[in-house]
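Here's the structure we're looking at; comments come further down.
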Amino acid sequence: FLRSEENSFAASKRGSFFQEAPRLRNQFNSDFFLQSYLRRSLPSEVLQEISPDLENFGHRVATDIHSMGKECELQPPRLEYFDAWGQRVDNIQTCQGWKQLHDVAAEEGLISIAFERKYAQWSRLYQAAKLFMFCPSSGLYSCPLAMTDGAAKTVEVAGLTKQASMLQDAYKHLISRDPKTFWTSGQWMTERKGGSDVANGTETIAVPQGDGSTYRLFGYKWFSSATDADITLTLARVQNPDGTTQPGTKGLTMFFMRTRNEDGTLNNIEIQRLKNKLGTRQLPTAELLLHGSLAHKMSEEGRGVPCISDMLTVTRFHNSISAAGIMRRIMTLAQDYCVRRSVFGKLLVNHPLHMQTLARMEVETRAAFLLTMEVALLLGKQECNVSSDEEVHLLRLLTPIAKLYTAKQSVQVTSEGLESFGGQGYIEDTGLPGLMRDAQVLPIWEGTTNVLSLDVLRSVFKSEGQVLKAFHACVSEKLSKASSSCPALNSLCEQVQSSMNSLLSPKNHELLSDSLPARDLAFSLGRIYIASLFVEHASWKEATERDIEAAKRWCHQDLTPVLTQLRNNAYGAKSSACDLALVMEG
Ligand code: UCC
Ligand code: FAD
């Protein structure tokens with residue numbers, strides 16, 4: 001036997017090698033791409049003014065905010081149905097970290113920045129940069145914030161000028177920087193019969209109280225993520241005097257509701273149960289019974305869906321920010337890990353095959369970031385009334401495209417990211433699996449991939465093709481500017497232009513008349529637009545060789561999968577029948 005001091009696996013010792021964990025550094029200072037993008041996109045005086053805040057926040061999301069988020073993961077919400085004396089209370093117990101994140105959100109201006117508009121049309125980009133760093137550390141507090149932002153926007157658009165002081169008051173709370181007065185909002189749309197098909201799925205009825213504005217709601221909301229919110233926007237069918245309601249989308253009206261009464265009790269809401277979910281466990285997602293909840297009509301009768309669409313635009317934008325943020329986070333950790341982990345005699349960073357894998361993730365991450373920030377710029381312009389008609393159309397088209405594209409990327413990149421840590425990537429205590437579980441919801445909520453692909457078609461039809469004209473004009477302009485300022489990009493720009501021209505050629509208009517190609521079309525539009533953003537960035541005066549390389553790599557993939565499928569006859573009736581047969585075989 002070896003003497004115990006020579007045996008490194010004696011009971012009192014656990015071996016001498018311990019792998020260093022990946023380190024999370026300041027998420028602003030260490031993000032080269034974020035910094036260079038902001039330098040290019042913001043006026044220098046704006047950047048100079050907001051940089052100290054971004055730097056400070058980049059530090060916080062890697063330190064104290066990160067700890068709060070971790071606590072939310074480790075101590076998920078619990079539902080207490082009854083108090084000690086048997087009274088039904090339906091209290092959602094959340095951890096200290098969750099409560100602190102509420103205060104952080106107010107103090108850091110995560111909502112207010114967008115509405116104060118101190119930096120005019122760049123305010124949304126400033127907000128997006130903060131949220132991008134925040135969401136992977138936020139313990140999913142980013143979710144109620146998305147809905148709060150969406151509610152503030154909807155109240156601003158629908159109510160501030162003409163409606164009651166109640167809405168003006170709510171607006172002040174939603175955009176407050178004071179934690180004591182800051183409110184969050186929910187968005188209660190989904191019912192048992194339908195989350196996508198809200199028009200046919202909504203069973204909730206609104207019984208008028210006789211004053212033309214207040215109603216009592218009766219129904220069952222099947223998913224409510226911000227159950228501990230102060231207010232919510234929701235849909236219901238107004239009951240006619242004879243007890244009937246109008247079916248379909250024309251029967252839906254949007255309502256504003258306080259979740260609690262003045263005395264703190266719930267507004268005739270019973271929390272039936274918390275959902276047991278794959279991820280997003282930090283969130284108190286619940287099923288709610290509304291049994292006479294007092295609500296205020298906010299839209300015109302029958303205009304609920306178009307009215308709540310203002311909220312959807314903002315929450316879908318947040319979804320894209322979260323997707324891009326989660327991708328950046330796993331990338332940054334994988335990048336750090338590859339200089340700490342040695343395998344087969346050398347560090348991971350010295351294994352070209354490993355670096356090829358990470359480089360592919362990096363290109364996807366940059367792509368998601370560029371597309372999301374483009375939406376931020378367009379939204380900021382629209383809100384400051386400085387958009388051209390073309391930019392308004394573009395915002396309408398790119399919002400669903402960015403949501404559906406980045407959500408799918410985030411699932412793929414977080415999965416690859418976990419693998420880049422080997423077995424450790426699968427271990428809960430590292431905090432890594434949570435990123436993947438949380439990413440998996442991004443393509444589902446706020447409209448699934450197919451539903452958003454159909455929304456892309458909706459935007460085309462509704463604008464009589466103007467959104468595609470705007471798309472073509474904007475991409476062409478970016479390409480032509482890029483190739484004249486950076487000749488090295490000429491052939492790349494020509495290639496993208498030609499892909500876009502083929503895609504949007506009149507002979508392909510049939511693609512827009514059917515739902516079957518909708519998904520591939522949306523992905524094609526997404527890839528082409530991202531290509532134009534890559535070359536735009538690569539042609540900037542401070543661009544690096546890596547920016548040009550990233551643009552090339554992006555453009556060398558199939559930019560128009562819809563045309564590839566078209567050539568393969570994938571959208572004919574025969575192919576459709578085969579789809580059915582393949583899926584249902586046996
Ligand atoms: O999932 C949810 C919350 C999760 C947590 C949030 C986290 C956020 C990110 C944070 C990350 C950490 S809340 C539930 C979300 N639910 C959805 O997204 C619903 C998905 N389904 C759809 O989007 C459908 O397409 C519907 C419900 C919009 C379809 O409704 P309709 O009524 O059947 O559709 P119609 O008939 O085509 O449209 C009715 C009207 C039309 O206007 P008018 O009447 O003027 O012609 C449409 O143009 O609504 C208009 N409209 C829109 N307008 C429909 N969609 C839009 C749109 N996107 N933008 C503008
Ligand atoms: P379905 O509509 O039944 O979809 C099933 C499948 O059919 C999907 O793959 C979909 O893409 C596909 N599909 C649907 N329609 C079409 C079509 N026309 N053509 C082709 N394919 C189609 N909702 C809220 O209102 N508030 C919340 O706070 C909220 N929080 C949530 C939190 C979590 C964690 C989750 C998972 C969901 C939450 N939701 C919330 C609900 C969410 O928005 C819905 O689940 C989502 O919109 C999908 O609706 P559904 O579940 O009814 O699926």
Side-chain angles (χ1 to χ4, degrees), residues 131 134-136 138-151 157 185-202 204 221-227 229 232-235 248-252 254 274-288 299-300 302-326 395-397 399-400 403-404 406-407 410 437-463 467 515-516 518-519:
L131 289 169
F134 178 69
C135 52
S138 73
L140 254 287
Y141 209 81
S142 48
C143 171
L145 289 186
M147 296 189 264
T148 302
D149 196 346
V157 171
S185 175
Q187 174 184 16
W188 299 350
M189 294 176 71
T190 307
E191 301 195 9
R192 283 201 197 98
K193 274 168 89 178
S196 309
D197 185 7
V198 172
N200 290 305
T202 305
T204 301
K221 296 291 173 184
W222 182 233
F223 275 97
S224 146
S225 281
T227 308
T232 193
L233 301 188
T234 191
L235 297 172
T249 194
K250 296 255 178 326
L252 291 179
M254 188 178 78
L274 290 181
K275 299 276 198 188
N276 182 7
K277 298 169 288 177
L278 168 70
T280 71
R281 292 182 197 155
Q282 313 89 320
L283 278 178
T285 308
E287 290 168 30
L288 306 175
S299 72
E300 279 172 42
R303 299 295 294 163
V305 171
C307 200
I308 211 159
S309 294
D310 289 318
M311 186 171 207
L312 292 175
T313 298
V314 172
T315 47
R316 287 170 183 174
F317 163 56
H318 277 252
N319 207 85
S320 309
I321 298 174
S322 286
I326 290 183
L395 175 63
R396 173 67 184 93
L397 178 66
T399 304
K403 193 282 185 182
L404 73 89
T406 59
S410 72
R437 285 191 275 99
D438 291 348
Q440 187 64 62
V441 81
L442 298 175
I444 297 174
W445 66 16
E446 293 302 346
T448 62
T449 310
N450 283 350
V451 166
L452 289 174
S453 303
L454 296 173
D455 189 49
V456 168
L457 283 195
R458 181 190 283 112
S459 75
V460 174
F461 285 126
K462 180 104 197 210
S463 69
V467 297
S515 64
L516 211 50
R519 184 176 173 117

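Atoms within each ligand, like the ligands themselves, are counted from 1 in listed order.
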Atom 46 (C) of ligand 2 within contact range, any protein heavy atom under 4.0 Å = yes

Subset of ligand 2 atoms that lie under 4.0 Å from at least one heavy atom of Q187 = 24 (C), 25 (O), 26 (N), 27 (C), 28 (O)

Mind checking whether E446 has an N or O less than 3.5 Å away from an N or O of ligand 1?
-> yes

T280 side chain reached by K275 side chain, heavy atoms, under 4.5 Å = no

Drop me the distance from N319's CG to S410's OG, to the nearest 0.5 angstrom.
-> 8.0 Å

Separation between CG (N276) and OG1 (T285), nearest 0.5 Å, reads 11.0 Å

Can C135 be said to touch ligand 1, with heavy atoms closer than 4.0 Å?
-> no

Quick one: look at L283 and ligand 2, take heavy-atom pairs under 4.0 Å, and tell me if it's side chain, backbone, both or neither.
-> neither

For atom 32 (O) of ligand 1, closest protein heavy-atom neighbour | T249 OG1, 2.4 Å

Report the residue from L404, I326, T406 that forms a side-chain contact (heavy atoms from CB on, under 4.5 Å) with L442.
-> I326

Are any of the protein's heavy atoms under 4.0 angstrom from atom 7 (O) of ligand 2, yes or no?
-> no

Can you name the nearest heavy-atom pair linking C143 to W445, along with the distance?
-> SG-CH2, 3.9 Å

Measure across A226 and M147 and return the closest heavy-atom pair with its distance rounded to 0.1 Å.
-> CB-CE, 3.7 Å

Any side-chain heavy atom of S515 within less than 4.5 Å of one from L454?
-> yes

Rounded to the nearest 0.5 Å, the OG1 atom of T234 sits from the CD1 atom of I308 at a distance of 6.5 Å

Region of K277 that comes within reach of ligand 2 [heavy atoms, distance under 4.0 Å] | side chain

Taking every heavy atom of L283 against every heavy atom of S225, the minimum-distance pair comes out as CD1-OG, 3.9 Å

Do any non-hydrogen protein atoms sit less than 4.0 Å from atom 3 (O) of ligand 2?
-> no

For atom 19 (C) of ligand 1, find the nearest protein heavy atom and state the residue, atom name and distance (0.1 Å precision).
-> G195 O, 3.4 Å

With a 4.5 Å limit on heavy-atom distance, are the side chains of L452 and R316 in contact?
-> yes

Quick one: which ligand 2 atoms are inside 4.0 Å of a heavy atom on T280?
-> 34 (C)

May I ask you to identify the nearest protein heavy atom to atom 23 (O) of ligand 1, giving residue, atom name and distance to one decimal place in Å?
-> R316 NH2, 3.0 Å

For ligand 1, indicate whether the residue L312 contacts it via side chain, backbone, both or neither (heavy-atom separation under 4.0 Å).
-> side chain

Give the numbers and elements of all ligand 1 atoms closer than 4.0 Å to a heavy atom of P306.
-> 40 (C), 49 (O)

Mind running side-chain contact (heavy atoms from CB on, under 4.5 Å) on E287 and T227 for me, showing each step along the way?
-> CA-CA 9 Å; E287 290 168 30; T227 308; over 6 Å; no

Within the structure, does at least one protein heavy atom fall under 4.0 Å of atom 24 (C) of ligand 2?
-> yes

Atoms of ligand 1 close to A199 [distance to a heavy atom under 4.0 angstrom, numbered from 1] | 32 (O), 33 (O)

Least distance between heavy atoms, A229 atom then S185 atom = CB-C, 3.6 Å

Using a strict cut-off of less than 4.0 Å between a Lys/Arg side-chain nitrogen and an Asp/Glu carboxylate oxygen, indicate whether K221 and E191 qualify as a salt bridge.
-> yes

Is T448 in polar range of ligand 2, meaning some N or O pair under 3.5 Å apart?
-> yes

Distance, nearest 0.5 Å, that separates SG of C307 from CG of L252 | 12.0 Å

Enumerate the atoms of ligand 1 whose separation from the nearest heavy atom of V451 is less than 4.0 angstrom.
-> 20 (C), 21 (N), 22 (C), 23 (O), 25 (O)

Among all protein heavy atoms, pick out the one at the shortest distance from atom 12 (C) of ligand 1; state its residue, atom name and that distance to 0.1 Å.
-> S322 OG, 3.1 Å

With a 4.0 Å cut-off, strictly under, does atom 41 (C) of ligand 2 pick up any protein heavy atom?
-> yes

Under 3.5 Å, N or O to N or O, is T449 touching ligand 2 that way?
-> no

Find all atoms of ligand 1 within a distance of less than 4.0 Å from any non-hydrogen atom belonging to R303, and give their numbers and elements.
-> 43 (P), 44 (O), 45 (O)

Contact check: S225 vs ligand 2, nitrogen or oxygen atoms, below 3.5 angstrom | yes

Indicate yes or no: does an N/O atom of D197 lie under 3.5 Å from an N/O atom of ligand 2?
-> no

Judging by distance only, is a nitrogen or oxygen of T190 under 3.5 angstrom from one on ligand 1?
-> no

For atom 34 (O) of ligand 1, find the nearest protein heavy atom and state the residue, atom name and distance (0.1 Å precision).
-> R458 NH2, 3.3 Å

A student checking ligand 1 against S309 at a 4.0 Å heavy-atom cut-off should list atoms 51 (N), 52 (C), 53 (N), 54 (C), 55 (N), 56 (C), 57 (C), 59 (N), 60 (C)

Quick check: does G194 get an N/O under 3.5 Å from an N/O on ligand 2?
-> no

What atoms of ligand 1 come within less than 4.0 Å of a heavy atom belonging to C143?
-> 5 (C), 6 (C), 7 (C)

Would you mind checking which non-hydrogen protein atom is closest to atom 9 (C) of ligand 1, with the distance to 0.1 Å?
-> N319 OD1, 3.6 Å

Checking heavy-atom distances from atom 19 (N) of ligand 2 to each of L454, T285, V441, the winner is L454

Which one holds for S224 and ligand 2: side chain close, backbone close, both close, or neither close, with close meaning a heavy atom under 4.0 Å?
-> backbone

Do ligand 2 and M147 have nitrogen or oxygen atoms that lie under 3.5 Å from each other?
-> no

A146 neighbourhood, listing ligand 1 atoms whose heavy-atom distance to it stays under 4.0 Å | 8 (C), 9 (C), 10 (C)

Identify the closest protein heavy atom to atom 14 (C) of ligand 1: which residue and atom is it, and at what distance?
-> M189 SD, 3.9 Å

In the protein, which heavy atom is nearest to atom 27 (C) of ligand 2, and how far is it?
-> F223 O, 3.3 Å

Could you find the nearest protein heavy atom to atom 42 (O) of ligand 1 and give me its residue, atom name and distance?
-> K462 NZ, 3.3 Å

So which protein heavy atom does atom 13 (N) of ligand 2 come closest to, and at what separation?
-> V451 CG2, 4.4 Å

With side-chain contact (heavy atoms from CB on, under 4.5 Å) as the test, would you mind laying out the steps for R396 and R458 before giving the verdict?
-> CA-CA 10 Å; R396 173 67 184 93; R458 181 190 283 112; 3.9 Å; yes

Is there at least one protein heavy-atom neighbour under 4.0 Å from atom 51 (O) of ligand 2?
-> no

For D455, the atoms of ligand 1 under 4.0 Å from one of its heavy atoms are 55 (N), 56 (C), 57 (C), 58 (N)

Please check if any side-chain donor atom of W222 sits under 3.5 Å from a side-chain acceptor atom of T190, or the reverse.
-> no

For M189, the atoms of ligand 2 under 4.0 Å from one of its heavy atoms are 24 (C), 25 (O)

Which pair of non-hydrogen atoms, one from R281 and one from K277, has the smallest distance, and what is that distance?
-> NE-O, 3.5 Å

H318 and L145: which non-hydrogen atoms are nearest, and at how many Å?
-> CE1-O, 4.1 Å

